[in-house]
Amino acid sequence: MPTYDPNNIFAKILRGELPCHKVYEDDKAFAFLDIMPRAPGHTLVLPKAPARNILDIAPDDLAHVIKVAQKIAQAGIRAFGADGVTVQQFNEGAGGQVVFHLHVHVIPRKEGLPLKPPASFKEEPDMLKEHAAKLAAALSG
Ligand code: DGP
């Protein structure tokens with residue numbers, strides 16, 4: 001398997017070298033909005049540890065990411081009045097992974113509303129800002 005590349009785009013976001021719409025941060029995890037959301041509130045949850053995907057992450061770091069994904073899922077229900085949540089996580093190109101720092105997709109869902117196709121639509125920054133604020137408020141409320 002290839003090794004972790006510290007110059008991947010999410011590593012740059014974690015280091016603050018590239019911007020993002022942050023939703024949550026603690027000592028081991030970071031969450032921000034996907035710029036190409038498949039539904040409003042589509043969030044990516046990452047470990048701060050430099051893991052490429054589920055194949056190389058330390059089990060404790062993975063467990064923490066999943067705990068944070070649960071918090072984001074619960075907040076997504078509250079913030080967006082969602083009826084459900086889709087959680088996705090891809091590993092290596094053959095597994096659908098495009099960016100090689102482990103991330104879990106947490107996507108609030110409304111009954112009867114299909115997901116937009118992957119990477120089909122780039123959301124406006126103002127809308128991402130509003131959605132990140134709604135999720136952050138739901139997390140702290
Ligand atoms: P995947 O590796 O297949 O789980 O897909 C990567 C996801 O990351 C995809 O939904 C689009 C999103 N994405 C790609 N580049 C950026 C970026 O620069 N910023 C943000 N916030 N999301 C990104």
Side-chain angles (χ1 to χ4, degrees), residues 1-140:
M1 280 293 158
T3 54
Y4 183 79
D5 172 9
N7 287 319
N8 74 77
I9 201 155
F10 290 171
K12 290 180 181 176
I13 289 174
L14 285 171
R15 290 196 295 267
E17 296 166 10
L18 290 174
C20 70
H21 290 89
K22 182 166 107 174
V23 169
Y24 175 87
E25 180 173 13
D26 64 27
D27 57 332
K28 288 187 291 187
F30 193 87
F32 56 89
L33 290 184
D34 195 305
I35 45 166
M36 291 182 268
R38 300 189 64 187
H42 182 166
T43 302
L44 304 174
V45 185
L46 282 65
K48 288 187 173 176
R52 186 173 163 89
N53 54 42
I54 203 169
L55 301 170
D56 64 343
I57 190 169
D60 286 352
D61 289 328
L62 177 61
H64 185 71
V65 167
I66 295 299
K67 285 182 189 172
V68 173
Q70 183 188 35
K71 284 187 212 287
I72 304 288
Q74 291 163 339
I77 295 278
R78 294 196 294 273
F80 293 91
D83 305 305
V85 184
T86 295
V87 176
Q88 295 178 314
Q89 193 274 318
F90 305 114
N91 301 283
E92 295 302 327
Q97 187 175 15
V98 175
V99 180
F100 296 99
H101 182 112
L102 186 142
H103 52 279
V104 176
H105 298 254
V106 180
I107 311 173
R109 302 294 304 275
K110 294 267 199 185
E111 197 67 55
L113 205 65
L115 289 177
K116 291 190 172 68
S120 59
F121 148 83
K122 194 165 177 198
E123 185 57 278
E124 293 299 326
D126 282 355
M127 188 61 79
L128 290 174
K129 189 175 170 188
E130 185 187 318
H131 289 171
K134 275 173 89 164
L135 275 167
L139 280 163
S140 63

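Since the model is a prediction, treat every value here as computed from it, not as a measurement. Ligands are counted one by one from 1 in listed order, and the atoms in each one are counted from 1 as well. What you see below is based on every heavy atom in this structure, not just the backbone, and it leaves out hydrogens, waters and symmetry mates.
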So which of Y4, F90, F10 actually passes ring pair (Phe, Tyr, Trp, His ring centres under 6.0 Å) with H101?
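In the set Y4, F90, F10, the residue that makes a ring pair (Phe, Tyr, Trp, His ring centres under 6.0 Å) with H101 is Y4.
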
Review item, side-chain donor-acceptor pairs of residues 29-38, under 3.5 Å, at least two apart:
residue, atom, partner, partner atom, Å
D34, OD1, M36, N, 2.7
D34, OD2, H42, NE2, 3.4
R38, NE, K116, O, 2.7
R38, NH2, K116, O, 3.2

Note, M1 side chain near D56 side chain (heavy atom, < 4.5 Å)
no

Who's touching ligand 1 if we go heavy atoms under 4.0 Å?
I9, F10, I13, F32, L33, D34, I35, M36, L44, F90, G96, Q97, V98, V99, H103, H105

Enumerate the residue pairs fulfilling salt bridge (charged side-chain N to carboxylate O under 4.0 Å, His left out) with a member in residues 64-86, sequence neighbours excluded, ordered by first and then second residue.
none

Please identify each residue that fulfils side-chain hydrogen bond (donor to acceptor under 3.5 Å, both in side chains) with E124, with sequence neighbours left out.
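side-chain hydrogen bond (donor to acceptor under 3.5 Å, both in side chains) list for E124, sorted by chain: empty.
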
Here's one to test your reading of the geometry: is the NZ or CZ of K134 within 45 degrees of the ring axis of F80 and under 6.0 Å from its centre?
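The answer is yes; both the distance and angle limits are met.
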
